[in-house]
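Worksheet for the structure shown next.
Letters A, B, ... are given to chains in the order of the sequence lines, protein chains preceding strands, and every chain is numbered from 1.
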Amino acid sequence: MIQVYDSLTRQMAPFKPHIPGHVSIYTCGVTPYDHSHIGHARPAVVWDVIRRHLRRRGYVVTFVQNFTDIDDKIIRRAEELGRPVDDLATEYMAEYHQILDHLGVMPPDYAPRVTENIGPIVEYIEALIQKGKAYAARGDVYFRVKSDPEYGRLSGRKLEDMLEGVRVEVEPGKEYPGDFALWKSAGAGEPAWPSPWGPGRPGWHIECSAMSMRYLGAHFDMHGGGMDLIFPHHENERAQSRAYLEDEAVTLWVHSGLITRGDVKMSKSLKNGVTLGELLDQFPPHVLRTYLLSVHYRSPLDFDERYIQDWSRALSRIDRLWQDVREAPPARDVADGDWAETLVGFEEQFLAALDDDFNTARAFAIVFDMVNAAHRGIDQGNGEMARGLARRNLAVADDILGFLPEQPGTGAMDEALLQSVVSARDGARRERNWAFSDALRTILTDAGYEVLDGADGTRVHRRSLHDTN
RNA sequence: GGCGACGUAGCCAAGUGGUAAGGCAGGGGUCUGCAAAACCCCUAUGCCCCGGUUCGAAUCCGGGCGUCGCCUCCA
């Protein structure tokens with residue numbers, strides 16, 4: 001039984017897709033007007049794990065993630081750069097996809113753009129006007145927020161409270177200060193599409209209501225995004241969909257926690273962000289990916305190089321075991337001992353952790369326990385069995401979490417050279433020529449290999465991660 | 001000001017009623033030519049503080065203190 005925390009009810013809910021065996025998910029993507037940053041990566045990676053886990057549990061998953069490729073910010077940015085809006089959006093969308101690909105994130109099944117869905121959006125708005133939930137005013141269209149008695153429930157606030165804040169500017173055409181735009185009339189020189197209310201563009205929230213319906217149908221199972229989207233974006237989206245459908249569109253609202261820097265939220269206005277491009281120059285993709293998974297997805301995650309280093313060291317424990325067991329044949333029999341129990345029971349434990357609101361932090365703890373058990377098995381002389389089970393277990397876990405490094409295409413040394421250096425070193429060691437042996441070890445180490453002298457001979461494997469710093 | 005979340009070892013972090021996962025760092029061992037890796041042992045009688053409910057609370061309730069978030073663009 002999979003349990004998921006629902007932001008609307010603020011409780012855990014059993015996961016039951018409305019079409020048995022199928023899961024439909026819509027998450028808010030990015031507004032492509034600047035480089036992707038670490039805050040974009042977290043929900044992407046989290047949803048990737050959710051998709052992979054649901055798939056592992058036998059569901060067919062349809063995953064939609066939109067691009068808000070027309071909006072005030074893009075227009076402003078394009079003006080600054082003197083570039084066409086569409087051009088800019090396309091470039092940043094490509095960058096986004098490319099980086100997520102590095103992070104091992106599966107591409108969405110559909111990645112609709114707002115500008116390719118203007119028709120459905122206009123129809124949606126027209127329907128809202130017909131139902132009396134929205135009204136046109138001077139070329140703009142606004143949603144009548146007071147028409148929804150539940151408005152404010154998702155974000156946990158009351159309309160009156162919100163309007164006490166000074167910041168709500170009252171547009172001349174609004175009936176009520178809290179009403180928000182469904183359609184915005186175009187200013188001079190701005191990109192515009194024709195509509196019954198004159199040329200303009202969609203407001204920020206309507207696209208998700210219209211596109212989720214287009215790609216997933218009126219009702220879908222999970223809606224995701226960062227917690228900062230709860231208000232106003234998802235609150236408004238929910239109001240629109242409720243008005244249109246006279247029912248809920250979304251079964252579960254799933255929000256990921258924000259990234260902080262020194263415990264302060266990372267945000268556009270604070271300009272304390274780090275771009276993913278920069279980070280990928282600094283850390284291997286799988287380290288970055290799994291660092292984002294090292295904490296439960298709803299908790300805030302403080303982003304600090306020091307923490308990533310710690311995490312990277314932890315990951316190398318797993319990597320080393322993998323290097324040792326990757327070629328191991330399947331285990332044939334099972335020995336006694338608590339380590340054997342851990343290895344055998346791993347998969348069930350691991351998947352159960354993810355069933356519980358996608359608890360990746362606990363899933364990792366179970367992986368570490370398993371790694372430890374495998375080593376114990378090996379140390380106790382049951383290497384064949386321990387390696388065989390560990391290989392399978394790591395493959396199962398990696399398929400969802402993605403913690404193993406991508407296989408390097410080419411070694412730092414040519415394979416034949418590597419072999420000859422290793423055997424030269426073995427010879428030196430047999431002759432107890434420690435100086436030469438140590439020199440060769442230094443050469444191997446500098447070339448990026450880890451040298452492991454054991455009772456059963458010397459093994460060499462590519463060093464990964466932090467060791468190279 | 002309104003609303004909300006959180007506060008677990010030196011650090012990161014799981015854990016929503018049954019007696020504190022995991023990782024990093026640190027200390028001591030085993031192994032080793034040395035080193036690394038790996039293994040073993042140790043490192044929170046206590047989970048911000050004070051009350052309460054309960055046979056029993058890190059976990060529930062009340063009150064403090066502190067941190068952060070939303071109310072404005074944001075994933």
Exercise for review: For the residue pair A:F368 and A:F364, categorise the inter-ring angle as parallel (less than 30°), tilted (30 to 60°) or perpendicular (more than 60°).
Suggested key: tilted
Point to revise | Geometric cation-pi criterion A:R157 and A:F231, 6.0 Å radius, 45° cone | key: yes
Study note, to complete from the structure: In whole angstroms, the gap separating P of B:G22 from CD of A:Q349 amounts to 13 Å
Check your understanding: In whole Å, what separates the C1' atom of B:G18 from that of B:U59?
Key -> 11 Å
Exercise for review: Quote, to the nearest angstrom, the P distance that separates B:A25 from B:C12.
Suggested key: 15 Å
Revision key, fill the gap. Checking B:C40, B:C74, B:G22 against the side chain of A:D369 (C-beta onward), the nearest is B:G22
Exercise for review: For each nucleotide in nucleotides 10-16 of chain B, reading 5' to 3', give B when a protein heavy atom comes within less than 4.0 Å of its base, S when such contact involves only the sugar-phosphate, and - otherwise.
Suggested key: -SSSSS-
Check your understanding: So which nucleotide does B:A5 pair with, by the Watson-Crick or G-U wobble rule with both distances under 3.5 Å?
Key -> B:U67
Practice item. Indicate yes or no: at least one non-hydrogen side-chain atom of A:R10 is less than 4.5 angstrom from one of A:D6. Key: no
Check your understanding: Below 4.5 Å, heavy atoms only, C-beta onward: do A:M12 and A:V4 meet side chain to side chain?
Key -> no
Exercise for review: Over 60° means perpendicular and under 30° means parallel, so classify the ring planes of A:H223 and A:Y26, tilted if in between.
Suggested key: tilted
Review point. Which base, if any, makes a Watson-Crick or G-U wobble pair with B:C60, both distances under 3.5 Å?
Key: B:G52
Review point. When the ring planes of A:Y151 and A:F180 are compared, do they come out parallel, tilted or perpendicular, using 30° and 60° as the limits?
Key: parallel
Practice item. Decide yes or no for A:T27 and A:P43: does some side-chain heavy atom of the first lie under 4.5 Å from some side-chain heavy atom of the second? Key: no
Practice item. Using the P atoms only, state how far B:C70 lies from B:C74, rounded to an integer number of Å. Key: 12 Å
Point to revise | Between A:H205 and A:H234, ring centroids under 6.0 Å | key: no
Write out a two-atom table: protein N or O, nucleotide N or O from nucleotides 34-37 of chain B, distance below 3.5 Å.
residue, atom, partner, partner atom, Å
B:C34, O2, A:R441, NH2, 2.7
B:C34, N3, A:R441, NH1, 3.0
B:C34, N3, A:R441, NH2, 3.3
B:C34, N4, A:D453, OD2, 3.1
B:A35, N3, A:R441, NH1, 2.8
B:A36, N1, A:D453, O, 3.2
B:A37, O3', A:R320, NH1, 3.4

Practice item. Could you give the distance separating B:A9 and B:G15 at their P atoms, to the nearest angstrom? Key: 16 Å
Check your understanding: So what does A:R42 touch, heavy atoms closer than 4.0 Å: a base, only the sugar-phosphate, or nothing?
Key -> nothing
Practice item. Check the distance between B:C74's C1' and A:H234's NE2 and give it to me in whole angstrom. Key: 12 Å
Check your understanding: If we only count heavy atoms from C-beta on, is the A:L452 to A:T458 side-chain gap below 4.5 Å?
Key -> no
Point to revise | Complementary nucleotide for B:A20 - Watson-Crick or wobble, under 3.5 Å | key: none
Check your understanding: In whole Å, what is the span from the CG atom of A:L229 to the C1' atom of B:U72?
Key -> 14 Å
Exercise for review: Pick the P atom in B:G4 and in B:U8, then give their distance to the nearest Å.
Suggested key: 22 Å
Review point. Is there ring stacking between A:W434 and B:G33, where the centres must be under 5.5 angstrom apart and the planes under 30 degrees?
Key: yes
Revision key, fill the gap. Nearest-nucleotide check on RNA chain B, A:R10 vs A:V371; residue mapping nearer the 5' end is A:R10
Review point. Has the side chain of A:S437 got a donor or acceptor atom sitting under 3.5 Å from an opposite partner on the base of B:G33?
Key: yes
Practice item. In whole angstrom, give me the gap between the C1' atoms of B:C24 and B:A13. Key: 11 Å
Exercise for review: For B:A38 versus B:U32, give the span between their C1' atoms, rounded off to a whole number of Å.
Suggested key: 12 Å
Review point. Taking CZ from A:F303 and C1' from B:A75, how many angstroms apart are they, rounded to a whole number?
Key: 14 Å
Point to revise | Ring centres under 6.0 angstrom apart (A:H97, A:F67) | key: yes
Practice item. May I have the distance from A:Y33 (atom OH) to B:C73 (atom P), rounded to whole angstrom? Key: 11 Å
Practice item. Starting at atom CE of A:M227, determine the distance to atom P of B:C73, rounded to an integer number of angstrom. Key: 19 Å
Check your understanding: Do the side-chain N or O atoms of A:K73 get closer than 4.0 angstrom to the phosphate oxygens (OP1, OP2) of B:C74?
Key -> yes
Exercise for review: Grab the CH2-P distance between A:W311 and B:A25 for me, whole Å please.
Suggested key: 13 Å
Exercise for review: Would you classify A:I230 as touching base, sugar-phosphate or nothing, given that sugar-phosphate means primed atoms plus P, OP1 and OP2, and contacts are heavy atoms under 4.0 Å?
Suggested key: nothing
Check your understanding: Which part of the nucleic acid, if any, lies within reach of A:G29 when heavy atoms closer than 4.0 Å are counted: base, sugar-phosphate only, or nothing?
Key -> sugar-phosphate
Exercise for review: Indicate whether the side chain of A:N66 and that of A:Y110 have a donor and an acceptor atom separated by less than 3.5 Å.
Suggested key: no
Review point. Which word best sums up how the rings of A:Y96 and A:H40 line up, parallel for under 30°, tilted for 30 to 60°, or perpendicular for over 60°?
Key: perpendicular
**Study point:** Interatomic distance at C1', B:C49 relative to B:U67, whole Å
**Key:** 15 Å
Practice item. Considering just the side-chain nitrogens and oxygens of A:N372, establish if one lies under 4.0 Å of OP1 or OP2 belonging to B:A38. Key: no
Study note, to complete from the structure: The Watson-Crick or G-U wobble partner of B:C31, with both key distances under 3.5 Å, is none
Exercise for review: Round to a whole Å and report the spacing from NE2 of A:H255 to C1' of B:C70.
Suggested key: 12 Å
Check your understanding: Reckon A:L321 touches a base, only the sugar-phosphate, or nothing at all at heavy-atom distances under 4.0 Å?
Key -> nothing
Practice item. Searching all strands shown, indicate the nucleotide that pairs with B:A37 (Watson-Crick or G-U wobble; both distances under 3.5 Å). Key: none
